[in-house]
There are 2 protein chains.
Amino acid sequence: MRVSTRFSDSVHILAFIEIYQDQKLSSELIASSIETSPVVVRRLMSTLRENGLIATKKGTAEPKLSKNPREITLLDIYLAVEGDKQLFTLDTNTNPDCIVGGNIQKVLGTYYEDAKMAALRKFNNVSLQDIIETILVEQKAKKVLK
Amino acid sequence: MRVSTRFSDSVHILAFIEIYQDQKLSSELIASSIETSPVVVRRLMSTLRENGLIATKKGTAEPKLSKNPREITLLDIYLAVEGDKQLFTLDTNTNPDCIVGGNIQKVLGTYYEDAKMAALRKFNNVSLQDIIETILVEQKAKKVLK
DNA sequence: CTTTCATGTAACTTTTTAAGTGACAAGAAT
DNA sequence: ATTCTTGTCACTTAAAAAGTTACATGAAAG
């Protein structure tokens, strides 16, 4: 399939809302930063709203973060847009009458879960504030180089 | 896109080869355990062979592991079939003229890499032997329950 | 030495899932 | 009232992997 950039784009949206909080934040403007369409942005924002990360008001271009960016982690964002889907994909159609086919899903599944949790724990230790600050540092560093 | 089950199926193939090493191991037989087509199995086995995990001989149904299953880790298998592609997908098409769009790829990329590495380290601590033994334990447990 | 079975690989089709698009009802604001 | 915007639906396009068909070539047994 096409690869999902929802997580990446969602972090983008949240950072954008915080950094440009004093401007008019239409889905059109945000879309121009992500280089995607306004509908894609609005769809993602719907999901973020349903998961309590932002507050929006229909008709007005004024989305706000629902929490302090220090209290929003990459994990919160990941779970909001990707849910608890498996990170590593099990083949769920194996022959149950074979010793391997009949047991590998359960066995591999536990190791997949361990690995996924190790990754998600990392995300739980990074806040939106960290992302924003690092973006701003990178931006300053760019200017110095010129 | 369709979700890849290459990793899962590759572990399946390797465990199958080891457990049934005394039988004739045609791609057809292995495919029947994975419930896929022989061509898919042969394609995966080509990749595993190119990466030094198995040895095959054209025309004969006798694939062998190239190493002791204690020396093959889930990470070896993962890298063989998935390469070093990113685990979490960055949107690589963002507006470079925007503070967020111009820096988020680099910033998020490092956190994605940290998370990916945390997951892959887990895989590096699990051997094919562990998988095989756990499969056999699960199989015995099933029989007792009957 | 020929028949049978198997691999290895190429080319093509199907499936899946997310992005992208067009449309529009309804809310907000001047 | 007019204009802008959101929220959402329905549809199309894109991309990647699985699945399929085909076949040249190698192995092995009679």
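Here the structure is a predicted model, which is why all the values come from computation and not from measurement.
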Rounded off to whole Å, could you give me the [atom1]-to-[atom2] distance for the [X] and [N] pair?
{"X": "Glu28(B)", "N": "dT21(D)", "atom1": "CD", "atom2": "P", "answer": "13 Å"}
{"X": "Lys24(A)", "N": "dT5(D)", "atom1": "NZ", "atom2": "C1'", "answer": "8 Å"}
{"X": "Met45(A)", "N": "dA19(C)", "atom1": "CE", "atom2": "C1'", "answer": "18 Å"}
{"X": "Asp9(A)", "N": "dT17(C)", "atom1": "CG", "atom2": "P", "answer": "20 Å"}
{"X": "Ile34(A)", "N": "dA18(C)", "atom1": "CD1", "atom2": "P", "answer": "17 Å"}
{"X": "Arg42(B)", "N": "dG26(D)", "atom1": "CZ", "atom2": "P", "answer": "16 Å"}
{"X": "Lys58(A)", "N": "dC4(D)", "atom1": "NZ", "atom2": "C1'", "answer": "14 Å"}
{"X": "Phe7(A)", "N": "dA18(C)", "atom1": "CZ", "atom2": "C1'", "answer": "17 Å"}

Quiz prompt | Smallest separation among heavy atoms of Thr73(B) and Phe123(B), with atom names | solution =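 In terms of heavy atoms, the two residues are closest at CB-O, 3.7 Å.
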Which heavy-atom pair separates Ser8(A) from Thr89(B) by the least distance, and what is that distance?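 Answer, listing the atom of Ser8(A) first, then Thr89(B): CB-O, 3.4 Å.
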Please tell me if [X] has a side-chain N or O lying less than 4.0 Å from either OP1 or OP2 of [N].
{"X": "Ser46(B)", "N": "dT7(C)", "value": "no"}
{"X": "Thr36(B)", "N": "dG19(D)", "value": "yes"}
{"X": "Ser27(A)", "N": "dG7(D)", "value": "no"}
{"X": "Thr56(B)", "N": "dG8(C)", "value": "yes"}
{"X": "Lys57(A)", "N": "dT5(D)", "value": "no"}

[X] side-chain proximity, nearest of [options]:
{"X": "Ser37(B)", "options": "dG7(D), dT21(D), dG19(D)", "value": "dG19(D)"}
{"X": "Val40(A)", "options": "dG7(D), dA17(D), dG20(C)", "value": "dG20(C)"}
{"X": "Ser26(A)", "options": "dA23(C), dT6(D), dG20(C)", "value": "dT6(D)"}

- Base, sugar-phosphate, or nothing: which does Leu25(A) touch, judged by heavy atoms less than 4.0 Å apart?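 Leu25(A): backbone/sugar contact only, no base atoms under 4.0 Å.
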| request: Measure distances between side-chain N and O atoms of Arg43(A) and base N and O atoms of dG20(C), and say whether any donor-acceptor pair falls under 3.5 Å. | output: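 A donor-acceptor contact between them is present.
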Pair Glu138(B) + Lys106(A), salt bridge at N-O below 4.0 Å
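So Glu138(B) pairs with Lys106(A) through a salt bridge.
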**Prompt:** Thr60(A) or Arg6(A): which one's nearest nucleotide on DNA chain C is closer to the 5' end?
**Reply:**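 Upstream on the strand: Arg6(A).
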ask   = When you check the side-chain N and O atoms of Ser46(A) and Arg43(A), is any donor under 3.5 Å from an acceptor?
value =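 No donor-acceptor contact under 3.5 Å links the two side chains.
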Exercise. Could you grab the distance from atom CD of Glu82(B) to atom CZ of Phe7(B), nearest 0.5 Å is fine?
Key: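 Between atom CD of Glu82(B) and atom CZ of Phe7(B) there are 8.0 Å.
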